[in-house]
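Notes for the one structure printed next.
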Amino acid sequence: MRKFFILPIFVLALITTYPSNVYAKDEPLRVKEFRQLYDSLLAGKTLVTETTQDGVIVKKERQFGKAVDVGDGEFDIPVNVVITKTKDGKLVQKTTINVLDHINNLGGATIISEEFRKTTVEEPGSEPQTTREIEFNGSFRVSKNDKGGFDVHNFGLVPSVLVDGDSMNLAGSMISYSCFPETGNTKCILTIRDYKLGGYKPLVGFTLVEPAGGDVVEVSEEMRQ
């Protein structure tokens, strides 16, 4: 059974192995508290994941910018995601995604609204292809975790497709992105859990059935200069 995802920035996933949801605490986090944690854990830092898939080395860099104040205690976070694929020391493909996360106060809770601003794909022998259409990529809630950091969770299901032989079925993915300090560095763990879906009811949505397969997990760590 294979899974295909339509995913936002916190969810551009590579598969590795790590215990999922270990640090979940789910204690609400206010915008001021989140700003302090973001400035401490991520602002101005680059987190890196590197894996090998069929001889292709895939390196993903999340470059977190400094928070930009927009008034009333709210702020924006610019993020670049650079995914580089190489084989035998040669570039296969490089994708750069410019993202803007809007951090808002909604009833005392911290909510992230995310936009893709620009995507550039580069391949050897071809002109870079750039898409500049602004695309909304979902809303997320923020809570504390018990490792001195924060967790980010999506509000609703992210559409995905389960392929089992000749059959294809709509599924839904739930997402967790946990960041925390560890031995002087920042570590973040992305977890995607895909669910089979039951019936749909207006104003209620789909019924979640059992998870489909194991969790997809990515671990990224701060890159020291």
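Worth knowing before you read on, the calculation uses all heavy atoms, side chains too, and leaves out hydrogens, waters and symmetry mates.
- Legend: residues meeting side-chain contact (heavy atoms from CB on, under 4.5 Å) with T183, ordered by chain and number and at least two apart, are absent.
- Applying salt bridge (Lys or Arg N to Asp or Glu O under 4.0 Å) to R62 and the options E218, E222, E221 leaves one that passes, E218.
- Here the side chain of T186 pairs a donor or acceptor atom with the backbone of L41 at under 3.5 angstrom.
- Taking the ring centroids of F34 and F150, they lie under the 6.0 Å cut-off.
- Side-chain contact annotation: T130 with T120, donor-acceptor N/O pair under 3.5 Å present.
- Taken to the nearest 0.5 Å, the NZ atom of K94 stands 10.0 Å off from the NZ atom of K59.
- Ion pairing between E210 and K196 holds under the 4.0 Å rule for side-chain N and carboxylate O.
- Ion pairing between E135 and R117 fails under the 4.0 Å rule for side-chain N and carboxylate O.
- A salt bridge between R35 and D69 is present, with a side-chain N of the basic residue lying under 4.0 Å from a carboxylate O of the acidic one.
- Applying the salt bridge (Lys or Arg N to Asp or Glu O under 4.0 Å) test to every pair with at least one member in residues 76-93, sequence neighbours left out, gives no pairs at all.
- Screening residues 101-206 for disulfide (SG to SG under 2.5 Å) gives C179-C188 as the qualifying pairs, with residues at least two apart or on separate chains.
- Side-chain contact annotation: D194 with S160, donor-acceptor N/O pair under 3.5 Å present.
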